[in-house]
Amino acid sequence: MHCEFPDDSRFVLARGIILEAAETALSYFSDLSKLATGEKLNGQDVVSEADKAVEAMIRARIAATFPDDGVLGEEEGLLEGPSGYLWVVDPIDGTSCFVHGIDQWCISIAVMRGDGAVLGLICQPTTGDLFVARKDGGAFLNGKPMRVDGKTAIATGLLGVGANFRIPVKQVSRFIHLLLEAGGMFIRNGSGALMLAEVACGRLAGYYEPHINAWDCMAGLLMIREAGGWTEDFPGKNGTLLTGGPVIAAASQVRDELLQLIDRSLQDERAIA
Ligand code: LIP
């Protein structure tokens with residue numbers, strides 16, 4: 001394995017792993033009638049045997065090559081390692097779509113060295129799209145450089161908005177109300193990773209979710225930075241990799257208006273009568 005940069009060997013492995021994981025996930029997706037599913041905390045917090053099988057495969061491949069690396073995965077949690085590298089893995093992001101037969105789901109793998117992400121890979125198996133980024137190495141969609149949309153605005157673009165049971169209902173509804181009042185429009189597909197990747201490739205103007213987990217966003221946030229966009233610090237001063245926090249990311253020219261809408265939604269009780 002010829003490697004030019006210190007993280008090349010992990011990038012080459014991660015790329016092979018995510019493509020293998022895509023095939024495994026697709027094999028489950030092709031016959032949902034046999035898919036075993038369950039609930040975690042409630043009816044909207046679902047998990048399937050596919051999530052667990054894909055994560056187990058990913059962990060086995062990492063351990064076989066880099067046994068001293070740590071892994072933080074959605075289904076099995078944190079396995080610390082002494083190498084200073086941590087793989088942050090969501091085996092199937094958009095599990096709700098997956099179990100309902102909707103193609104808006106992906107696999108997300110980030111690799112952190114110390115406190116920062118150095119590699120990010122997101123694969124949407126149902127379209128074949130592979131989004132990758134390397135710190136200071138750029139961001140690519142299917143091998144072609146990708147950039148955020150440098151012309152979009154709140155009133156002309158689509159904004160990804162995440163909502164989940166961990167977030168107070170009124171906080172989401174206040175933000176949506178203010179966004180629509182400002183002439184914007186939202187889209188939610190239940191996969192934070194995929195929507196962050198779509199910010200990085202210029203399809204979405206930005207993404208906001210008041211609470212998201214590290215395995216959903218670490219890869220996508222690196223992609224957006226490498227694609228010329230802006231990202232708020234994650235998980236922020238009140239969160240950790242294990243607890244998560246708010247995710248805010250956008251094309252740079254959208255940042256200020258997006259932050260104003262978020263600030264108002266967090267303070268403006270009058271937004272929803
Ligand atoms: C999903 C996240 C999404 C959030 C969903 C869910 P999962 O991850 O990507 O941003 O809104 O509630 O948590 O559970 O499909 O891997």
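Remember, predicted model here, so these are calculated numbers, not experimental data. The figures that follow rest on heavy atoms only: side chains count, while hydrogens, waters and symmetry mates do not. In each ligand, atom 1 is the first atom listed, and ligand 1 is the first ligand listed.
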- Task: Carefully, step by step, assess D93 and S191 under the rule side-chain hydrogen bond (donor to acceptor under 3.5 Å, both in side chains).
- Result: CA-CA 5 Å; D93 188 57; S191 171; 2.7 Å; yes
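- When hydrogens are left out, the protein atom nearest atom 14 (O) of ligand 1 is E74 OE2, 3.3 Å; that is the closest non-hydrogen contact.
- A distance of 5.0 Å separates OH in Y28 from CD in E49, rounded to the nearest 0.5 Å.
- No part of F98 comes within 4.0 Å of ligand 1, judged by heavy-atom distances.
- Counting protein heavy atoms only, atom 6 (C) of ligand 1 is closest to G190 O, 4.1 Å.
- Counting the atoms of ligand 1 from 1 in the order shown, those under 4.0 Å from a heavy atom of S191 are 9 (O).
- Of the candidates R188, H211, Q44, the one placing a heavy atom closest to atom 5 (C) of ligand 1 is R188.
- Scanning all protein heavy atoms for the shortest distance to atom 7 (P) of ligand 1 gives D93 OD1, 3.6 Å.
- The closest protein non-hydrogen atom to atom 12 (O) of ligand 1 is N164 CB, 3.3 Å.
- Checking only distances, S96 never comes within under 3.5 Å of ligand 1, N or O to N or O.
- At a 4.0 Å heavy-atom cut-off, ligand 1 does not touch D51 at all.
- Ligand 1 lies less than 4.0 angstrom from a heavy atom belonging to I92.
- The D90 neighbourhood of ligand 1 comprises atoms 16 (O), with distances under 4.0 Å to a heavy atom of that residue.
- Of the N or O atoms in E209, one or more lie within a sub-3.5 Å distance of an N or O in ligand 1.
- Every atom of ligand 1 is numbered from 1 in the order shown, and the set under 4.0 Å from a heavy atom of I212 is 10 (O).
- The existence of a salt bridge linking K135 and D7 is excluded, since no basic side-chain nitrogen approaches an acidic carboxylate oxygen closer than 4.0 Å.
- In this structure, F66 places its CZ atom where more than 12 heavy-atom neighbours from other residues, nucleotides or ligands lie under 6.0 Å away.
- Assignment of C217 to the shell around ligand 1 is not supported, since no heavy atom sits closer than 4.0 Å.
- The CD1 atom of I248 lies 9.0 Å from the CZ atom of R255; values are rounded to the nearest 0.5 Å.
- Residue G192 has at least one nitrogen or oxygen atom sitting less than 3.5 Å from a nitrogen or oxygen atom of ligand 1, judged on distance alone.
- Residue contact check: D216 has heavy atoms under 4.0 Å from atoms 2 (C), 8 (O), 9 (O), 16 (O) of ligand 1.
- Within a 6.0 Å sphere centred on CG of D115, heavy atoms belonging to other residues, nucleotides or ligands number 12 at most.
- Atom numbering of ligand 1 starts at 1 in the shown order; those under 4.0 Å from a heavy atom of T95 are 15 (O).
- Side chains of D68 and Y85: a donor-acceptor N/O pair is absent below 3.5 angstrom, by distance only.
- The structure places CD of E23 at 8.5 Å from SG of C123, a figure rounded to the nearest 0.5 Å.
- Between K40 and E74 a salt bridge is recorded (basic side-chain N to carboxylate O distance below 4.0 Å).
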- Query: For F98 and F29, what are the C-alpha separation, side-chain angles and deciding distance, and is it a ring pair (Phe, Tyr, Trp, His ring centres under 6.0 Å)?
  - Reply: CA-CA 7 Å; F98 187 95; F29 191 66; 5.2 Å; yes
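- At least one N/O-N/O distance between G94 and ligand 1 falls below 3.5 Å.
- Here E20 pairs with R61 in a salt bridge; the nearest charged N to carboxylate O distance falls below 4.0 Å.
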